[in-house]
Student: 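This is the structure I want to talk about, given as structure tokens.
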Amino acid sequence: MSSSKFEPNDDIFDFVIKKANGIKGLVDTNLEIIPNQCIQPKEQRLDKSQIDNQESIPIIDLSNFDDLNVEKSIQEAASKWGFFQIINHGIPTEVLEDLKDAAHKFFELPAEEKVKYRKEKLSPGESVFMFWSAIGEKDEKVLEWRDGIKHGCNPQNDSNLWPPQTRNQVLEYQKWAKPLAKKLLEVLLKGLNVNEIDESLEPLFMGTMSININYYPPCPNPNIAMGFRRHCDMGCIILLLQDDTGGLYIRGTKENWIHVNPIKGALTVNIGDSLQIMSNDRYKSIEHCVAVDSSRTRISVPLCVNPSFDSVIGSFPQMLKDGEKPVYKDILFSDYWDHCFIKRPSGKSSLDFAKI
């Protein structure tokens, strides 16, 4: 139950964010038409005429992870698509299912319980915080149809501060997912002639990590709302667990939209801007978005693997050995992060900030 009732004249940002009712709290009021502040501009909505149902991203079986053909498939998928799904990755199904169940338990709590995890001022190093996304200038902000909570997964973070509904499940998932992320990164870097991730390179590739849980409630007007507007991710790679609701769309090679069909037990992997920059465009960070459903809640859980904030990202020297010109300047990851969060650039325009 929501802690308060939403009336048409109420301040939606106060109701959703400050009081931590969230988008779910709006839905619990049985509204039939979404508030104006949740209606996305036409250019940000998913154009269903551009959906290509004939194409799909690669599905890679990791049963023989060390097989050279598997490594090549991962590198090729990162170069062409920027997205791929992995099966037989070694994480037990019950670990994945428990994590999805924990997501429902947390977001179905009363607002007075969830508000404990809302932070007035955010810093990237927080151990845990709830978040919402309102994009636009001061008087024109539009809320995405999504509630979220971030669990910082770094040595300085205190998991005792995480909600009891998600703590054990996130810790268990992290135990399996972090080594998998490292192995995937090592395969990708091998394709760039970069050595294994040793202690000197770890901050650059895996310096900050978080496990976020996204909760997309049913939306009475899904055609005019978005769970996540089109964007690219800032970090190195993202491992995404999604439930069977669907709704994730990526830009295809023909500038169309391709649905990432959920596969039970699979994880979706995508390349972030930082790895595109470091690979000098060998690997692609691809625009993607999330549509919402009129009757079903969607859960997704990304493990975000990012450089440390004091890392300098730029084209690897290995990419420039044969006289190739760098596409990107060297830039502090914290500066790139701030640019993306303050400006909220649409689609792939975030990369322009790092280009020479």
Student: Name all pairs fulfilling the ring-ring contact (aromatic ring centres under 6.0 Å, His included) condition that reach into residues 62-87, sequence neighbours left out, sorted by first residue then second.
Tutor: Phe83-His288
Student: Other residues, nucleotides and ligands only: do more than 12 of their heavy atoms fall within 6.0 Å of NZ on Lys183?
Tutor: yes
Student: Which value, rounded to the nearest 0.5 Å, describes the distance between Tyr215 atom OH and Asp147 atom CG?
Tutor: 8.0 Å
Student: Within the structure provided, determine whether Val16 and Asn21 are in side-chain contact (heavy-atom separation under 4.5 Å).
Tutor: no
Student: Looking only at heavy atoms, what is the nearest atom pair of Glu71 and Asp66, with distance?
Tutor: OE2-O, 4.1 Å
Student: Do Glu172 and Arg167 sit within salt-bridge range, that is, some charged N less than 4.0 Å from a carboxylate O?
Tutor: no
Student: Walk me through whether Lys24 and Asp28 qualify under salt bridge (charged side-chain N to carboxylate O under 4.0 Å, His left out).
Tutor: CA-CA 6 Å; Lys24 185 182 185 304; Asp28 288 344; 2.9 Å; yes
Student: For Met226 and Val292, work out which heavy atoms get closest and say how close.
Tutor: C-CG1, 4.4 Å
Student: Report whether Leu96 and Ile59 are members of the same hydrophobic cluster (ILVMFWY, side-chain heavy atoms less than 4.5 Å apart, transitive linking).
Tutor: no
Student: Please check this pair: side chain of Trp132 against backbone of Glu144, looking for a donor-acceptor N/O pair closer than 3.5 Å.
Tutor: no
Student: Take Lys150 and Glu126 through the salt bridge (charged side-chain N to carboxylate O under 4.0 Å, His left out) test and state the conclusion after the steps.
Tutor: CA-CA 9 Å; Lys150 176 176 179 174; Glu126 295 279 2; over 6 Å; no
Student: How long is the straight-line distance from CZ of Arg229 back to NE2 of His231, given to the nearest 0.5 Å?
Tutor: 11.5 Å
Student: Before you tell me yes or no, could you show the steps for Glu113 and Lys116 under salt bridge (charged side-chain N to carboxylate O under 4.0 Å, His left out), namely the whole-Å CA-CA distance, both residues' side-chain angles and the distance that decides it to 0.1 Å?
Tutor: CA-CA 6 Å; Glu113 286 294 313; Lys116 299 172 189 173; 3.0 Å; yes
Student: Between Asn306 (side chain) and Trp337 (backbone), is there a donor-acceptor pair under 3.5 Å?
Tutor: no
Student: When you measure from the side chain of Asp322 to the backbone N and O of Glu324, does any donor-acceptor pair fall under 3.5 Å?
Tutor: no
Student: Are there more than 12 heavy atoms of other residues, nucleotides or ligands under 6.0 Å from atom CD of Gln54?
Tutor: no
Student: If the threshold is 4.0 Å, N to carboxylate O, is there a salt bridge linking Glu43 and Arg230?
Tutor: no
Student: If you round to the nearest 0.5 Å, how far is NZ of Lys141 from CD1 of Ile17?
Tutor: 8.5 Å
Student: Test side chain to side chain contact (heavy atoms under 4.5 Å, CB included) on Ile74 and Leu62; report intermediate values, then the result.
Tutor: CA-CA 10 Å; Ile74 291 169; Leu62 299 187; 4.0 Å; yes
Student: So, the side chain of Gln242 versus the backbone of Val260: is there a donor-acceptor pair under 3.5 Å, distance only?
Tutor: yes
Student: Indicate if Ile258 and Ile51 have the same hydrophobic cluster label, given that clusters are the connected sets of ILVMFWY residues with side-chain heavy-atom separations under 4.5 angstrom.
Tutor: no
Student: Please answer whether the main-chain N or O of Asp335 pairs with a side-chain N or O of Asp338 as donor and acceptor at a distance below 3.5 Å.
Tutor: no
Student: Is the closest side-chain heavy-atom distance between Leu26 and Ile12 below 4.5 Å?
Tutor: yes
Student: Going through the distances and angles, do Ile87 and Ile60 end up as a side chain to side chain contact (heavy atoms under 4.5 Å, CB included)?
Tutor: CA-CA 6 Å; Ile87 58 174; Ile60 300 174; over 6 Å; no
Student: Return yes when atom CD1 of Ile33 has more than 12 non-hydrogen atoms of other residues, nucleotides or ligands closer than 6.0 Å, and no otherwise.
Tutor: no
Student: Under the side chain to side chain contact (heavy atoms under 4.5 Å, CB included) criterion, do Leu201 and Val194 qualify, and how do the steps go?
Tutor: CA-CA 10 Å; Leu201 286 177; Val194 177; 4.2 Å; yes
Student: Report yes or no: do Ser127 and Asp158 form a side-chain donor-acceptor pair below 3.5 Å?
Tutor: no
Student: Does either side chain, that of Thr166 or that of His151, offer a donor lying less than 3.5 Å from an acceptor on the other one?
Tutor: yes
Student: In terms of ring plane angle, is the pair His259 and Tyr249 parallel, tilted or perpendicular, where the classes change at 30° and 60°?
Tutor: tilted
Student: Can a donor-acceptor pair be found, under 3.5 Å and without considering hydrogens, that links the side chain of His339 to the backbone of Ala354?
Tutor: no
Student: Quick one: which of Ile213, Asp243, Asn214 gives a side-chain contact (heavy atoms from CB on, under 4.5 Å) with Ser300?
Tutor: Asn214
Student: Would you compute the distance between atom CG of Asn221 and atom CD1 of Ile39 and round it to the nearest 0.5 angstrom?
Tutor: 7.0 Å
Student: Establish whether Leu320 and Phe316 are linked, either directly or via other cluster members, by ILVMFWY side-chain heavy-atom contacts under 4.5 Å.
Tutor: yes
Student: Check step by step if side chain to side chain contact (heavy atoms under 4.5 Å, CB included) holds for Ile149 and Phe129.
Tutor: CA-CA 6 Å; Ile149 184 166; Phe129 57 84; over 6 Å; no
Student: Are the side chain of Asn256 and the backbone of Asp52 linked by a donor-acceptor contact shorter than 3.5 Å?
Tutor: no
Student: Provide the closest heavy-atom pair for Asp293 versus Ser295 in the form atom of the first, atom of the second, distance.
Tutor: OD1-N, 2.8 Å
Student: If you define the side chain from C-beta out and look only at heavy atoms, does anything of Pro218 sit under 4.5 Å from Arg296?
Tutor: no
Student: Could you pull out all donor-acceptor pairs under 3.5 Å where a side-chain atom in residues 266-278 meets a protein atom, sequence neighbours excluded?
Tutor:
from, atom 1, to, atom 2, distance (Å)
Asn270, ND2, Asp233, OD2, 2.9
Asp273, OD1, Ser285, OG, 2.7
Asp273, OD2, Tyr336, OH, 2.5
Asp273, OD2, Ser350, OG, 2.9
Ser274, OG, Met234, O, 2.7
Gln276, OE1, Ser285, N, 2.7
Gln276, OE1, Lys348, NZ, 3.4
Gln276, NE2, Asp281, OD1, 2.9
Gln276, NE2, Tyr328, OH, 3.2

Student: Mind checking the CD-CZ spacing from Gln37 to Phe13? Nearest 0.5 Å is all I need.
Tutor: 5.5 Å
Student: Checking Asn223 against Lys48: is there a side-chain donor and acceptor pair closer than 3.5 Å?
Tutor: yes
Student: From the options Phe131, Trp162, Phe106, Phe107, select the one residue that forms a ring-ring contact (aromatic ring centres under 6.0 Å, His included) with Tyr117.
Tutor: Phe106
Student: For Lys329, does the NZ atom sit with more than 12 other heavy atoms under 6.0 Å from it, leaving out its own atoms?
Tutor: yes
Student: Side-chain heavy atoms nearer than 4.5 Å, only ILVMFWY residues, links allowed to pass through others: does that put Ile238 and Met206 together?
Tutor: no
Student: I'd like to know if the side chain of Lys182 and the backbone of Ala177 have a donor-acceptor N/O pair within less than 3.5 Å.
Tutor: no
Student: According to a 4.5 Å side-chain heavy-atom criterion applied to Ile, Leu, Val, Met, Phe, Trp and Tyr, with indirect links allowed, do Val95 and Ile86 form part of one hydrophobic cluster?
Tutor: yes
Student: Can you check whether Cys153's main-chain N or O pairs, donor with acceptor, with Lys178's side chain at less than 3.5 Å?
Tutor: yes
Student: Donor-acceptor check, side chain of Glu112 to backbone of Lys19, threshold 3.5 angstrom: yes or no?
Tutor: no
Student: Between Tyr216 and Trp145, is the ring centre distance below 6.0 Å?
Tutor: no
Student: Decide whether a cation-pi geometry holds between Arg146 and Phe228; the criteria are a distance under 6.0 Å from NZ or CZ to the six-membered ring centre and an angle within 45° of the ring axis.
Tutor: yes
Student: Within this structure, what is the NZ-OG1 distance for the pair Lys284 and Thr253, rounded to the nearest 0.5 Å?
Tutor: 11.5 Å
